[in-house]
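Structure record follows, encoded as C-alpha cells.
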Number of protein chains: 2
Amino acid sequence: MARTFVTAEEVAKRAGVSRSAVSRTFTPGASVSKTVRRKVLKAARELGYRVNRLAQVLNNDRSNLIGVVGANLSSPFISKQLDLLSIGLLRQGKQCLLLNAADARQDIAPLIELLFEFRAQAIVVLSGEPPASIVDECIANGVRLILINQRLDRTDTNMVLSDDSHGADLAALRLIESRCKKVAVVTSGSQTPAQLRRAKAFTQRMQAEGVDVVAWSGGPTSYESGVQAGRELLVDKAIDGAFCVTDLLALGFLDAARLEMNRRVPQDVSIVGFDDIPQAGWKSYGLTTVAQSFQALTEKVLSALDSDEPETRMQVVPVTLVERQTAR
Amino acid sequence: MARTFVTAEEVAKRAGVSRSAVSRTFTPGASVSKTVRRKVLKAARELGYRVNRLAQVLNNDRSNLIGVVGANLSSPFISKQLDLLSIGLLRQGKQCLLLNAADARQDIAPLIELLFEFRAQAIVVLSGEPPASIVDECIANGVRLILINQRLDRTDTNMVLSDDSHGADLAALRLIESRCKKVAVVTSGSQTPAQLRRAKAFTQRMQAEGVDVVAWSGGPTSYESGVQAGRELLVDKAIDGAFCVTDLLALGFLDAARLEMNRRVPQDVSIVGFDDIPQAGWKSYGLTTVAQSFQALTEKVLSALDSDEPETRMQVVPVTLVERQTAR
DNA sequence: GTGAAAGCGCTAACAG
DNA sequence: CTGTTAGCGCTTTCAC
C-alpha cells in the first residue's frame, strides 16, 4: 500500500525540469512554455500527482476554506440551507469545513476556535449565537463572519436574515382576517432570538387589535413539540387560531388538532406557520405559512463571501405569506 | 485589515523561549518543563495564538480531514446521515470537509480528486458511485474510502450498507400477509443501485408467491414523484398494494391514493415504504415501513474510520419492519 | 529539558 | 521563459 502522495519534486525530476516549472504549470496565471507545460502534465499524470493545497495555503494565505457551523443539521430548514450553501461554495471554488454543534444550546465558541486553527477564510453560522469575544477575534484575525437569521447589535459583522417581524405581522393579519378571537402563539423551548422576534411581533399586533393571545413554549424545535402544544392548548375550546413560529411546530400542532383534539382545520381553528419547509406543501397538510426564501438567503451569504469588501452589514430578506388551506 | 494570524515565533519571542518550546507546549506528548509551559501559554493567550493546523499537517501527514461527498443533502434520509456523521467525526477529533455533488447523477470523481488535494485522510461517500479508477487511486494513496449503501464488487473498499434485499423481502411478506393480489413497486427515475436491489428482491419474492407486480419508475427521489406514481398507477382499480423503495415516494403515493384517487389506506390498498424517515411517523401518515438504522450505519462508518486497519470490508446493517397503519 | 537546524510541499522574488 | 533561492508555520531530530 503506497503511503505518501507524489510531490512536485518527483514530477519535476521525471519531466526533467525544475520544481518551479511544475508549480507554474499548476498556477493559473503563470508563464510557462507550451513544451514545458506538456512535459510536466505528462509526468504528473503518469505519477498521479496532485497539488497539496495545504502546502499551497502556507504561502498564499487564502485557504479557500469556509467554516460552516450549525446545529440540527437534519431539520428540514437547516438542511435546506446547508444544501444550497454547500453547492454555492463549491461553485465559487471554496471548500466547506462543516462543524456540527450537535445541539443548539451548545456553545459554538470552541468550534469557531477550531476553524481559526484551520485558517478558515470565513465562517458561516447557521444556528447558535457566537459570544462577543469570538466575534471580536474574527475581526482581529481578518476572518469574515456571516450570521444567518441572527441579529447582533453590532455593525462590524455580516448578518443575513429573514424579515421575521414582518412575517409575524403577516401571520397576525391573516389570523385577524380569519376573525380569530383567541389565538395561541407557540415557540419551542429553545427560544432562539428569531423565534422570540416572531412571537413578539405577532403578539404585539394581535393585542393591538384586541385579540386574546396565549403563549406556549416547550420542547425542542420539532414536530413532536408541536403535537404537545396542540394537545395542551386545545383543551381550551375558545382557541380558534394559532401561529407556530416554525413549520415543524405547526405541522405537529395541526396533526394534534385534527387527529387528537377533534378540531376541523381551518373551520374550527386557523393555523399559520413560518419557514415554508417542503412538508408544509404536502397534500395532507397544505399549511398556510410565512415563507422564507432559502434561495435568497443563500445568495446573500454567497455574495457576502465573494465580495472583497462587504459594504452591507445587515441584509434583510423579504418574506411572503403562502396561502394554502389551514387558515379560514 | 486582513490581519495575519499570530505565529509561534512571535509567541516564542514574547515568552522568551525558542520556537521549539512553543511547538512542544502544543504537542500532546512532548516534554516541556512546567515553567516554560506556563510562560508559553501565557504569551499565547495574550497574543491570541492558535496553531496553524495546515502547517502542522505538512509534517505530520495526518490531516484529520475527512472528506464527505453526497448529493441531495436536504433529503430527510441523507441529511440525517450527515447530521449523525458530522457529530461523530467531531467527537473523534476529525474535521469534515463537505462536498455537495449537487445532483446524484453528477460524477463525483472530480470531487474526490479535490479531496485528494486537501490530503483528506478518508473519504465517505453518502451517495453516488465512484468510478473504479478513483477507487484505485484512493488505495494507491492510502486514502480510506467508505461507501454508504453502495455495493461495489471489490474487496478492497469499505462498504456499509443496509440489508436491502432482506428489507424488500420483509415488505413483500407483509403485503402477502395483507392478501394483496396485484401490487406496484415504485422506484424513482434515478434508479440507484440500492433502489434496484430493493425492487428486484421484492419482485422476485412476490412473483414466487404468484402475486402480480407492476413496476413504476420516474422522476427524482421525491414526494412529488410518489404522488405521480400514485396518480398513474391507481387508475388501475385492481392494484391493492404498493411497495415504494423510499419513504419519500411512499408518502407521496399515500397522499395521492387517499386525497386524489379516492382510496382508503389500508383497506383498499396497503402501502409499505423503506427508510423510516421522521415524517413516516407523523400522525397524518403512520407509514408502515422498513427501517434502516441510521444510528447503526453511522456507527459502522465511524468505527471504520477510527480503526487503523479495517478488518471488515463489507458490513451489512440489519433492517426491521416498522408496523404502523398503512398495511392491512 | 532545551535550542539550533533541517525539513514538510509549495509559491514567489530574483537573476539570468 | 526558466532555474535558483528564500521563505510560509510548524515539527522533529540532534546535540548540548
Side-chain angles (χ1 to χ4, degrees), chain A residues 2-41 43-44 47-65 114 116-121 141-142, chain B residues 2-41 43-44 47-65 114 116-121 141-142:
Chain A
R3 7 187 346 82
T4 172
F5 278 85
V6 176
T7 89
E9 173 121 44
E10 305 179 54
V11 177
K13 199 166 298 168
R14 178 178 254 256
V17 298
S18 73
R19 283 212 278 287
S20 357
V22 178
S23 178
R24 289 191 183 102
T25 314
F26 290 99
T27 305
S31 54
V32 214
S33 68
K34 283 286 173 211
T35 30
V36 170
R37 165 178 227 90
R38 220 192 15 256
K39 279 197 289 186
V40 170
L41 286 175
L47 260 32
Y49 168 77
R50 345 243 160 203
V51 249
N52 183 335
R53 300 256 190 165
L54 270 27
Q56 221 170 226
V57 172
L58 230 45
N59 306 276
N60 287 343
D61 104 294
R62 317 212 74 219
S63 70
N64 269 353
L65 249 30
L114 188 54
F116 283 162
E117 299 187 356
F118 277 98
R119 298 302 186 258
Q121 226 161 51
N141 291 309
Chain B
R3 183 121 268 90
T4 169
F5 278 86
V6 176
T7 89
E9 172 122 43
E10 304 179 52
V11 176
K13 199 166 298 167
R14 178 178 253 256
V17 297
S18 73
R19 278 189 272 189
S20 350
V22 178
S23 178
R24 289 193 182 100
T25 315
F26 291 100
T27 305
S31 54
V32 215
S33 68
K34 282 284 174 213
T35 31
V36 170
R37 165 179 227 90
R38 220 192 13 256
K39 280 196 290 185
V40 170
L41 286 176
L47 260 32
Y49 169 77
R50 346 242 158 205
V51 253
N52 183 335
R53 301 254 191 167
L54 270 26
Q56 219 171 228
V57 172
L58 229 45
N59 305 277
N60 287 342
D61 106 295
R62 316 213 75 218
S63 70
N64 269 352
L65 249 28
L114 188 53
F116 283 162
E117 299 188 356
F118 278 97
R119 297 304 185 258
Q121 225 161 52
N141 291 310

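For the side-chain contact (heavy atoms from CB on, under 4.5 Å) test, no residue two or more places apart in sequence or in another chain qualifies with A/Ser31. For B/Gln121, the side-chain contact (heavy atoms from CB on, under 4.5 Å) partners two or more places apart in sequence, or in a different chain, are B/Arg62, B/Ser63, B/Asn64, B/Ile66, B/Lys94. For B/Thr7, the side-chain contact (heavy atoms from CB on, under 4.5 Å) partners two or more places apart in sequence, or in a different chain, are B/Glu9, B/Glu10.
With rounding to whole Å, B/Phe116 atom CZ is found 18 Å from C/dG9 atom C1'. As rounded to whole Å, 15 Å separates atom C1' of C/dT11 from atom CZ of A/Arg62. Counting to the nearest Å, the C1' atom of D/dT2 and the NZ atom of A/Lys34 are 17 Å from each other. Regarding A/Glu117, its CD atom lies at a distance of 11 Å from the P atom of D/dT11, rounded to whole Å. At whole-Å resolution of the value, CG in B/Leu54 and P in C/dT11 are 14 Å apart. Atom pair B/Phe5:CZ and D/dC10:P shows a separation of 11 Å (rounding to whole Å applied). The interatomic distance linking A/Asn52 (CG) with C/dC8 (C1') rounds to 9 Å, in whole Å. Taking atom CZ on A/Phe118 and atom P on D/dG9, their separation rounds to 17 Å, with Å as the unit.
Closest to the side chain of B/Gln56, out of D/dC8, D/dG9, D/dT11, is D/dT11. Among C/dA12, C/dG9, D/dT12, the nucleotide with an atom closest to any side-chain atom of B/Leu58 is C/dG9. Comparing D/dG9, C/dT2, C/dC10 against the side chain of B/Val36 picks out C/dT2 as the nearest.
How far CZ of A/Phe5 is from CG of A/Asn52: 8.5 Å, rounded to the nearest 0.5 Å. Note that the NZ atom of B/Lys39 and the CZ atom of B/Arg14 stand 13.5 Å from one another [nearest 0.5 Å].
The minimum heavy-atom distance linking B/Gly48 with B/Val6 is given by the pair O-CG2, 4.2 Å. B/Ala21 approaches B/Val36 most closely through the heavy-atom pair CB-CG1, 4.0 Å. Of all heavy-atom pairs spanning A/Val51 and A/Gln56, the tightest one is CG1-OE1, 3.7 Å. Of all the heavy atoms in A/Val22 and A/Val17, the pair that sits closest is CG2-CG2, 4.2 Å. Considering all non-hydrogen atoms of both residues, B/Leu54 and A/Val57 come closest at CD2-CG1, 3.6 Å.
In this structure, B/Ser33 reaches the C/dT2 phosphate: one of its side-chain N or O atoms is under 4.0 Å from OP1 or OP2. For A/Asn59 and C/dG9, the shortest distance from a side-chain N or O to OP1 or OP2 is not below 4.0 Å.
For residues 18-26 of chain A, proximity to DNA chain D is found at A/Ser18, A/Ser20, A/Ala21, A/Arg24, defined as any non-hydrogen atom under 4.0 angstrom from a strand atom. Residues of residues 7-14 of chain A having a heavy atom closer than 4.0 Å to DNA chain C, listed by number: A/Thr7, A/Ala8.
If B/Arg119 and B/Val17 are placed on DNA chain C by their nearest nucleotide, the residue sitting closer to the 5' end is B/Val17.
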Dump the intermediate steps for side chain to side chain contact (heavy atoms under 4.5 Å, CB included) on A/Arg53 and B/Leu114, then the final yes or no.
-> CA-CA 9 Å; A/Arg53 300 256 190 165; B/Leu114 188 53; 3.1 Å; yes
Start with the C-alpha gap between A/Leu41 and A/Phe26, add the side-chain angles, then the distance that decides, and say whether side chain to side chain contact (heavy atoms under 4.5 Å, CB included) holds.
-> CA-CA 9 Å; A/Leu41 286 175; A/Phe26 290 99; 4.1 Å; yes
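Among the protein residues, B/Val57 comes within range of no part of the nucleic acid, since none of its heavy atoms lies under 4.0 Å from any strand.
An end-to-end axis angle of 40° holds for the helix from C/dG1-D/dC16 to C/dG16-D/dC1, taken from five base pairs per end and rounded to 10°.
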